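Everything on this sheet refers to the single structure shown next.
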2 protein chains.
Amino acid sequence: MTETSELCRLDRRKRAVVEAARALFIEQGFERTTLGDIVDRAGGSLATLYKVFGNKDGLLEAVVFEKAVSGADIIDSSVAGGGSPAQILHRIAEDLHAYFLDPEVVSLVRIVIGRSISDRDFVRRFFERTATRTQSALTTVLSVWQAEGVAMHGEPEALAEIFLDLIVSDLHAEAISHGLGLRHSSDRLRARTEFFLTGAKITDR
Amino acid sequence: MTETSELCRLDRRKRAVVEAARALFIEQGFERTTLGDIVDRAGGSLATLYKVFGNKDGLLEAVVFEKAVSGADIIDSSVAGGGSPAQILHRIAEDLHAYFLDPEVVSLVRIVIGRSISDRDFVRRFFERTATRTQSALTTVLSVWQAEGVAMHGEPEALAEIFLDLIVSDLHAEAISHGLGLRHSSDRLRARTEFFLTGAKITDR
DNA sequence: GCAAGGGTGTAATCACTATTACACCTTCGC
DNA sequence: GCGAAGGTGTAATAGTGATTACACCCTTGC
């Protein structure tokens, strides 16, 4: 079987459908988007969509998990940049914030929350791949610092949780309030990271 | 109010419908609850429901805004209890937390978020009555303390925001993750309040 | 008691949309 | 070119559920 050509065609179709679906879900929400809308936008046919994704829920799954990236990679690469704990935390804060406030991510989160009422398992899998993993990555970073002799007040896990709450809370707020006049300036972010450093009694050097 | 007799019949009906609707919305979500379900549970008739609430959206509005209490009252009564700033903040934290983690409140928030995609105005009004008002109440409290000479590091408004993020973030997490193994112990709450006091450099007398 | 008007129960209406079925094309290896 | 395998377009199917219409039954003020 020379599947390359087969997969290629199918794959292109798949991708086009997922992309159209994502755009429409973000724009109008999951329930309000009809499969007809999606096919109109993506081209192709309803029959193919059903063959590939099974049903509408399967399509949502494909859309969501394509974008469900954990912040762990962001944290790791921020750490790799080197510097003092304070410098690294400032960098992590900025990078995470930028990622989590990406409008597409926010919209997807909003959709996932909406579905959480009827499908708990779905939302569990989503957050295991995103929030949970991000938190353990940060916990690890703090633990390592602690082992290296960096002074800090509190358990790494609890501190990681607090830090993420301070930084990512804007994602929650955005997802919840739909951009209700939040100011997420760079200064504000720096101030919060400083607040964290003070609260955790992490002294730079 | 001597109108009891007149209002009584209609009012009783109204209340029964709102109550049934709330229970069902919380249980199954807004979209999955049919007006038939509600009438079955509340008694009465579909015709009355339409006469009183106009349509399904009107009913949701009635349900949500009945429970949309701001945390401002909670804050005010915590303050009225007296004590040092630290003591008061600990009390506020506990009371707010208890209120915001009430399963009914969490479920309603989840529903509101779900609707936010299609109806921004609705969610705006909801959060203006709840979160926004809570935050200004706390800002006022901190400002007063500051004026009275309590040392603190940072603007009252920014600090109020941070405090609420630290304390109420569990509401977000609950609403978002649908109770994905969160531990919200009393110790954890106290630790976070302590963290806040340290970060804000508020010294207790 | 008794009309009148509000409340009730039921049965349409009406629109919508996921899902399936099916008969026609396209592509692609040969 | 050719013949499948797979893709496409369109038209059912089918279930749902908001909304409306309407004919009945209470309550209630007289």
Side-chain angles (χ1 to χ4, degrees), chain A residues 1-25 27-64 111 114-115 117-119 122, chain B residues 2-64 111 114-115 117-119 122:
Chain A
M1 304 229 182
T2 52
E3 287 169 333
T4 40
S5 52
E6 278 176 39
L7 279 181
C8 191
R9 203 142 63 99
L10 197 91
D11 216 41
R12 229 175 330 181
R13 204 97 295 283
K14 203 168 164 180
R15 187 153 303 206
V17 170
V18 167
E19 230 153 82
R22 191 182 59 225
L24 287 166
F25 288 164
E27 211 172 286
Q28 345 175 305
F30 177 70
E31 330 251 354
R32 300 203 167 213
T33 301
T34 74
L35 295 178
D37 292 346
I38 294 168
V39 170
D40 284 350
R41 181 141 172 178
S45 81
L46 210 49
T48 309
L49 192 157
Y50 272 93
K51 187 163 286 180
V52 174
F53 298 103
N55 56 23
K56 200 184 177 185
D57 282 351
L59 179 53
L60 177 65
E61 194 121 340
V63 166
V64 164
I111 290 168
R115 285 206 76 62
I117 296 166
S118 50
D119 187 353
F122 177 60
Chain B
T2 51
E3 292 164 329
T4 39
S5 54
E6 278 175 39
L7 283 180
C8 196
R9 202 144 61 105
L10 197 91
D11 216 40
R12 228 179 328 187
R13 205 98 298 281
K14 203 168 165 180
R15 186 152 305 207
V17 170
V18 167
E19 229 153 83
R22 190 181 59 225
L24 287 166
F25 288 165
I26 287 172
E27 212 172 285
Q28 345 175 305
F30 177 69
E31 331 251 355
R32 302 204 165 213
T33 301
T34 74
L35 295 178
D37 291 346
I38 294 168
V39 170
D40 284 351
R41 182 139 169 180
S45 82
L46 211 47
T48 310
L49 192 156
Y50 271 92
K51 187 161 287 181
V52 174
F53 299 101
N55 57 21
K56 200 184 176 185
D57 281 352
L59 179 54
L60 177 64
E61 195 121 339
V63 166
V64 164
I111 289 167
R115 286 207 75 63
I117 295 166
S118 50
D119 187 354
F122 176 60

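In this text, all values refer to a predicted model and were calculated from it rather than measured experimentally. Here is the naming used below: chain letters follow the sequence lines, and residue numbers restart at 1 for every chain.
- As rounded to whole Å, 14 Å separates atom C1' of C/dC16 from atom CD of A/E31.
- Distances shown here put every side-chain N or O of A/R13 at or beyond 4.0 Å from the OP1 or OP2 atom of D/dG6.
- Residues meeting the salt bridge (Lys or Arg N to Asp or Glu O under 4.0 Å) test with B/R41, sequence neighbours left out: B/E27.
- Listed by first and then second residue, the salt bridge (charged side-chain N to carboxylate O under 4.0 Å, His left out) pairs that reach into residues 51-61 of chain A are A/D57-A/R115, A/E61-A/R125, sequence neighbours excluded.
- Here ring-ring contact (aromatic ring centres under 6.0 Å, His included) pairs that include residues 28-48 of chain A, with residues two or more places apart or in two chains, are A/F25-A/F30.
- Residues of residues 33-61 of chain B having a heavy atom closer than 4.0 Å to DNA chain C, listed by number: B/G44, B/S45, B/A47, B/T48.
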Contacts table for residues 32-40 of chain B: side-chain donor-acceptor under 3.5 angstrom, sequence neighbours left out:
unit_1, atom_1, unit_2, atom_2, d
B/T33, OG1, B/L24, O, 3.3
B/T33, OG1, B/Q28, OE1, 3.2
B/T33, OG1, B/G29, O, 2.7
B/T34, OG1, B/G36, N, 3.3
B/T34, OG1, B/D37, N, 3.0
B/T34, OG1, B/D37, OD1, 3.3
B/D37, OD2, B/T34, N, 3.3

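- Residues passing the salt bridge (Lys or Arg N to Asp or Glu O under 4.0 Å) test with B/E19: none are found, sequence neighbours excluded.
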